[in-house]
Amino acid sequence: MNDVFETLESEVRGYSRSWPAEFATASGAVQTTIDGSEYLDFFSGAGALNYGHNNPAVMEPLIDYLQSGAVLHSLDMKTPAKRRFLETFERLILKPRALDYKVMFPGPTGTNTVEAALKLARKVTGRQHILSFTNAFHGMTLGSLSVTGNSMKRQGAGIPLTNASKIPYDDYFDGETTDFLWLERVLADSGSGVDRPAAIIVETVQGEGGLRAARAEWLRGLAELCKRYEVLLIVDDVQAGCGRTGSFFSFEEAGIVPDIVCLSKSISGSGLPMALTLFKPELDVWSPGEHNGTFRGNNPAFVTATAALETFWADDSFQNRVADTSAALHARLGEIADSVEGASVRGRGMLAGLLFEDPAHAERVAGEAYRLGLLVETSGPEDEVVKIMPPLTISSAELQRGLDILTTAVRTVVR
Ligand code: PMP
């Protein structure tokens with residue numbers, strides 16, 4: 001039989017190789033195949049489905065909007081849907097946190113917000129260089145790729161990407177380091193051989209890079225250093241933001257205020273493409289039209305984004321629930337790690353992982369979990385971490401059921 005997935009679709013496809021089933025419907029934390037098999041989803045669309053699949057809270061306003069004859073596509077024109085999103089974002093997210101940011105719609109996806117952040121930092125400072133961290137992931141377009149750590153993906157572009165250097169992330173995050181000797185020499189431009197950067201871009205938890213989580217104290221030190229040397233701090237919250245680590249922004253716990261923030265994935269609340277770049281008002285040096293893109297005005301995404309903010313972020317109840325779910329998740333992951341040799345827990349909040357000393361174990365655990373009806377992917381430079389990212393809305397029973405499957409998978413693989 002001619003299967004177009006095999007004959008027509010490019011070899012570049014990835015997830016469909018790990019999970020060859022054809023998925024037809026989805027609800028909450030469950031995806032169902034064309035044959036009716038159910039899979040528990042501990043992947044959440046790579047972080048784009050924090051509120052689960054087809055959450056009625058966002059789907060009902062979306063269906064109403066689609067049936068109303070309202071504008072679907074509008075580039076950066078004004079629409080009531082965009083106005084409501086901006087007003088709601090200001091009221092429920094920025095104001096309660098005393099954050100003074102301008103908001104920009106940089107294009108539909110995560111890599112677009114990173115590109116906008118890098119361009120803006122270079123324009124504001126007049127400097128070219130950007131520092132990022134080893135094993136970072138910031139997207140697949142050329143600018144974002146230049147600050148991404150994964151050399152397979154970087155070199156796949158076949159073009160030398162310049163003006164970006166990597167800071168050794170592991171020493172900073174896994175050790176007790178709170179001094180910044182090397183970094184300070186670079187920022188001071190005193191014989192380090194690395195140009196003083198326009199900005200440092202950081203994920204507070206490396207989603208693709210192995211679930212390494214920055215300590216709050218370290219993030220505060222980094223922010224202070226950036227301020228001292230007038231280097232802009234960009235937090236890429238594309239994956240760790242929108243409640244994934246417990247608070248709306250992943251940097252809230254550290255009490256820092258980055259100069260630029262990148263958001264995408266779950267900001268639309270529905271899986272529809274949407275991205276935001278936030279920056280301090282004094283950084284708004286853009287000239288009209290200097291950064292544009294056809295799909296900046298995805299009104300259905302504004303509608304679901306507004307509904308998600310109103311449903312989940314109008315008070316603390318959702319955040320408290322996520323804290324409870326996250327505590328239950330980490331307790332069980334700790335038990336699993338303790339029950340076998342060579343495994344440990346990584347990550348923060350609902351962006352968690354199980355690190356295996358033998359990377360082959362992680363791959364096999366993910367494969368076994370799939371066989372048993374659970375979707376989990378691997379992460380890290382050697383795919384040595386099984387990444388656990390259920391929807392934030394998952395019920396306690398579903399969470400425990402998924403973790404039961406994970407326990408069986410780990411015990412089958414690691415003996
Ligand atoms: N930044 C981070 C931290 C990410 O995790 C991702 C996607 N995994 C991106 C940027 C790129 O987002 P997108 O794939 O939507 O372009």
Side-chain angles (χ1 to χ4, degrees), residues 93-101 114 117 121 124-125 129-138 147 149 165-190 192 194 196-207 209-263 277-283 319 322-323 326 330 346-352:
I93 302 301
L94 297 180
K95 285 249 166 82
R97 293 164 181 78
L99 291 171
D100 187 13
Y101 283 129
V114 172
V124 167
T125 61
H129 209 85
I130 308 282
L131 290 183
S132 62
F133 288 89
T134 50
N135 300 323
F137 187 90
H138 297 293
V147 288
S165 307
K166 310 290 173 306
I167 309 165
Y169 193 101
D170 302 2
D171 291 352
Y172 284 126
F173 283 175
D174 291 344
E176 292 299 303
T177 318
T178 46
D179 59 44
F180 291 91
L181 293 179
W182 184 82
L183 198 51
E184 193 149 5
R185 283 190 69 180
V186 173
L187 299 194
D189 201 0
S190 61
S192 65
V194 178
R196 184 160 171 220
I200 297 180
I201 182 165
V202 67
E203 299 158 272
T204 66
V205 182
Q206 290 191 320
L211 284 304
R212 290 187 177 87
R215 284 170 290 116
E217 186 194 5
W218 181 86
L219 280 172
R220 281 193 288 275
L222 185 67
E224 199 276 317
L225 199 66
C226 285
K227 198 167 171 197
R228 183 144 37 98
Y229 289 100
E230 294 179 349
V231 167
L232 298 176
L233 179 63
I234 305 170
V235 169
D236 179 348
D237 242 1
V238 165
Q239 187 159 168
C242 302
R244 215 359 100 186
T245 61
S247 46
F248 186 83
F249 295 108
S250 73
F251 53 82
E252 284 178 52
E253 188 202 354
I256 61 167
V257 180
D259 298 293
I260 305 179
V261 182
C262 299
L263 282 180
T277 316
L278 315 179
F279 41 86
K280 291 184 174 164
E282 64 272 22
L283 304 184
Q319 194 167 323
V322 174
S326 163
H330 281 262
R346 278 243 175 119
R348 190 154 69 83
M350 300 288 281
L351 189 49

* Residues Thr204 and Ser250: side-chain donor-acceptor under 3.5 angstrom -> yes

* Does the ring centre of Trp218 sit less than 6.0 Å away from the ring centre of Phe133? -> yes

* So, the side chain of Asp237 versus the backbone of Cys262: is there a donor-acceptor pair under 3.5 Å, distance only? -> no

* **Sub-4.5 Å side-chain heavy-atom contact between Phe137 and Gln206** => no

* Asked: Would you say Val235 and Ile201 make side-chain contact, with heavy atoms under 4.5 Å?
  -> no

* **From Cys226 atom SG to Leu131 atom CG, the distance as rounded to the nearest 0.5 Å** => 8.5 Å

* **Heavy-atom pair with the smallest gap, counting every atom of Val231 and Pro197** => CG2-O, 3.6 Å

* Drop me the distance from Leu233's CG to Ile256's CD1, to the nearest 0.5 angstrom. => 5.5 Å

* Over all heavy atoms of both residues, which pair between Ala198 and Thr125 is shortest? Give the atoms and the distance, please. => CB-OG1, 3.1 Å

* **Any Asp259 side-chain heavy atom under 4.5 Å of Phe279 side chain** => no

* Asked: Below 4.5 Å, heavy atoms only, C-beta onward: do Leu351 and Gln239 meet side chain to side chain?
  -> yes

* Asked: Quick one: does Pro258's side chain get under 4.5 Å of Phe251's, heavy atoms only?
  -> yes

* Atom CZ in Arg215, atom CZ in Arg348: separation rounded to 0.5 Å? -> 12.5 Å

* Asked: Any chance CD of Glu224 has more than 12 other-residue heavy atoms, nucleotides or ligands included, within less than 6.0 Å?
  -> yes

* To do: Look at Lys280 together with Glu282 and state whether they make a salt bridge at an N to O cut-off of under 4.0 Å.
  => no

* Asked: Does the side chain to side chain contact (heavy atoms under 4.5 Å, CB included) test come out yes or no for Glu203 and Arg212, once each step is laid out?
  -> CA-CA 9 Å; Glu203 299 158 272; Arg212 290 187 177 87; over 6 Å; no

* Pairwise distance CD1(Ile260) to CG(Leu232) - rounded to 0.5 angstrom -> 5.5 Å

* To do: Step by step, work out the side chain to side chain contact (heavy atoms under 4.5 Å, CB included) result for Leu222 and Leu183.
  => CA-CA 9 Å; Leu222 185 67; Leu183 198 51; 3.7 Å; yes

* Can you see which heavy atom on Gly349 is nearest to which on Ser326, and at what distance? => CA-OG, 3.3 Å

* Taking atom NZ of Lys166 and atom OG1 of Thr134, what is their separation to the nearest 0.5 Å? -> 9.5 Å

* To do: Quick one: pull up CG in Leu263 and CD1 in Ile93 and give me the separation to the nearest 0.5 Å.
  => 9.0 Å

* Contact check, side chains of Arg196 and Leu187, non-hydrogen atoms, under 4.5 Å -> no

* Asked: Are the side chains of Ser132 and Val202 in touch, meaning some heavy atoms are under 4.5 Å apart?
  -> no

* Which pair of heavy atoms, one from Ala199 and one from Ile234, lies closest together, and at what distance? -> CB-CD1, 3.7 Å

* Grab the two heavy atoms, one from Gly210 and one from Arg346, that are nearest each other, plus how far apart they are. => O-NH1, 2.9 Å

* Structure fact -> Nearest heavy-atom contact between His129 and Ser165 is NE2-OG, 2.6 Å

* **Contact check, side chains of Asp236 and Val114, non-hydrogen atoms, under 4.5 Å** => yes

* **Verdict with reasoning, Thr277 to Val261, per side chain to side chain contact (heavy atoms under 4.5 Å, CB included)** => CA-CA 6 Å; Thr277 316; Val261 182; over 6 Å; no

